[in-house]
Engineer: 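Can you keep this structure in mind? I'll have questions shortly.
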Amino acid sequence: MTEPLYLSKSAFAARIGKAPSTITWLKDNGRLVMAPDGKRVDVYATESLIKETTDPSKAGVAARHERERQTKQSFSNAVPNISAPLLQAAPPASLSAADALPDFQKARARKEHFASLSVEADFYKDQGVLVESAVVDRAAFDTGRLLRDLLMTMPTQIAPELAAMNDPWQVEKHLLAALRRSLEDAERMSTADLQRALSNTGN
């Protein structure tokens, strides 16, 4: 026959993994067997009584709680004790693992991507489809300035001719012809300047 085991209420609570308040609840509900001295708990008799008076509908819940308690205890025992120097050597909390270590695969893919874009841009430049924006901006500025200069000099050139005309229709015709010549000159000169600028960038 097994010898009886007597423990204090706090020691019995620790044995079954419950809070001391649970032991008080067991006593108030007649499920706690006390030792002959009335101060300690009869462990084996109390455990047997608890099993006999357990609600069958709650048996699964109790078993699940016991499994979770054992799992937590096993996990805490399996975690190694990390020394302070190792904790101090850890990366700052503000940095994630991805930030702490460079991703060489992403860096390589990014490098190859931009390299392919550079090769593609060179191809389109050779085909004359793509030009540098700075060249186009400069050509547009030069064209605008050329057109302005041509139009500003036109009145000085045709004023004597217009002064000798009395027919409004002849004046209008002469003005339109002068404007057309100025615009055609500006077009030819700006086209030549743009082609020259593009050819210089290709060399």
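One-based numbering along the sequence shown.
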Engineer: Report yes or no: does N29 contribute a side-chain atom to a donor-acceptor pair with the main-chain N or O of R31 at less than 3.5 Å?
Structural biologist: no

Engineer: Quick one: does S48's side chain have a donor or acceptor within less than 3.5 Å of a partner on Y44's backbone?
Structural biologist: no

Engineer: State whether the number of non-hydrogen atoms from other residues, nucleotides or ligands found under 6.0 Å of E184 atom CD is greater than 12.
Structural biologist: yes

Engineer: Roughly how far, to the nearest 0.5 Å, is CZ of R181 from CG of L176?
Structural biologist: 11.0 Å

Engineer: Ignoring hydrogens and angles, tell me if any N or O in the side chain of T46 forms a donor-acceptor pair with the backbone of V33 under 3.5 Å.
Structural biologist: yes

Engineer: Can you confirm whether L5 sits close enough to E47 that some side-chain heavy atom of one is under 4.5 Å from a side-chain heavy atom of the other?
Structural biologist: no

Engineer: Begin from the C-alpha positions of I23 and I16 and carry the test side-chain contact (heavy atoms from CB on, under 4.5 Å) through to its verdict.
Structural biologist: CA-CA 10 Å; I23 306 305; I16 64 175; 3.9 Å; yes

Engineer: Going by side-chain contact (heavy atoms from CB on, under 4.5 Å), name the residues that satisfy it together with A14, two or more places apart in sequence or in a different chain.
Structural biologist: none

Engineer: Atom CD of E161 and atom CG of L175: how far apart are they, to the nearest 0.5 Å?
Structural biologist: 10.0 Å

Engineer: Counting C-beta onward and ignoring hydrogens, is there a side-chain heavy-atom pair between V41 and Y6 closer than 4.5 Å?
Structural biologist: no

Engineer: Hey, any chance L26 and M34 share a hydrophobic cluster, counting ILVMFWY side chains that come within less than 4.5 Å of each other, even indirectly?
Structural biologist: yes

Engineer: Not counting sequence neighbours, which residues clear side-chain contact (heavy atoms from CB on, under 4.5 Å) with M165? List them please.
Structural biologist: L162, Q170, V171, H174

Engineer: Sequence neighbours left out, what passes side-chain hydrogen bond (donor to acceptor under 3.5 Å, both in side chains) with R180? Give chain and number order.
Structural biologist: none

Engineer: Considering only Ile, Leu, Val, Met, Phe, Trp and Tyr, and joining two whenever side-chain heavy atoms are under 4.5 Å apart, list the other residues clustered with F114.
Structural biologist: L117

Engineer: State which residues pass side-chain contact (heavy atoms from CB on, under 4.5 Å) with A115; sequence neighbours excluded, sorted by chain then number.
Structural biologist: none

Engineer: Pair L32, F12 - check side-chain contact (heavy atoms from CB on, under 4.5 Å), show working.
Structural biologist: CA-CA 11 Å; L32 193 68; F12 180 73; 4.2 Å; yes

Engineer: So which pairs with a foot in residues 105-117 pass side chain to side chain donor-acceptor pair (under 3.5 Å), sequence neighbours left out?
Structural biologist: R108-E112

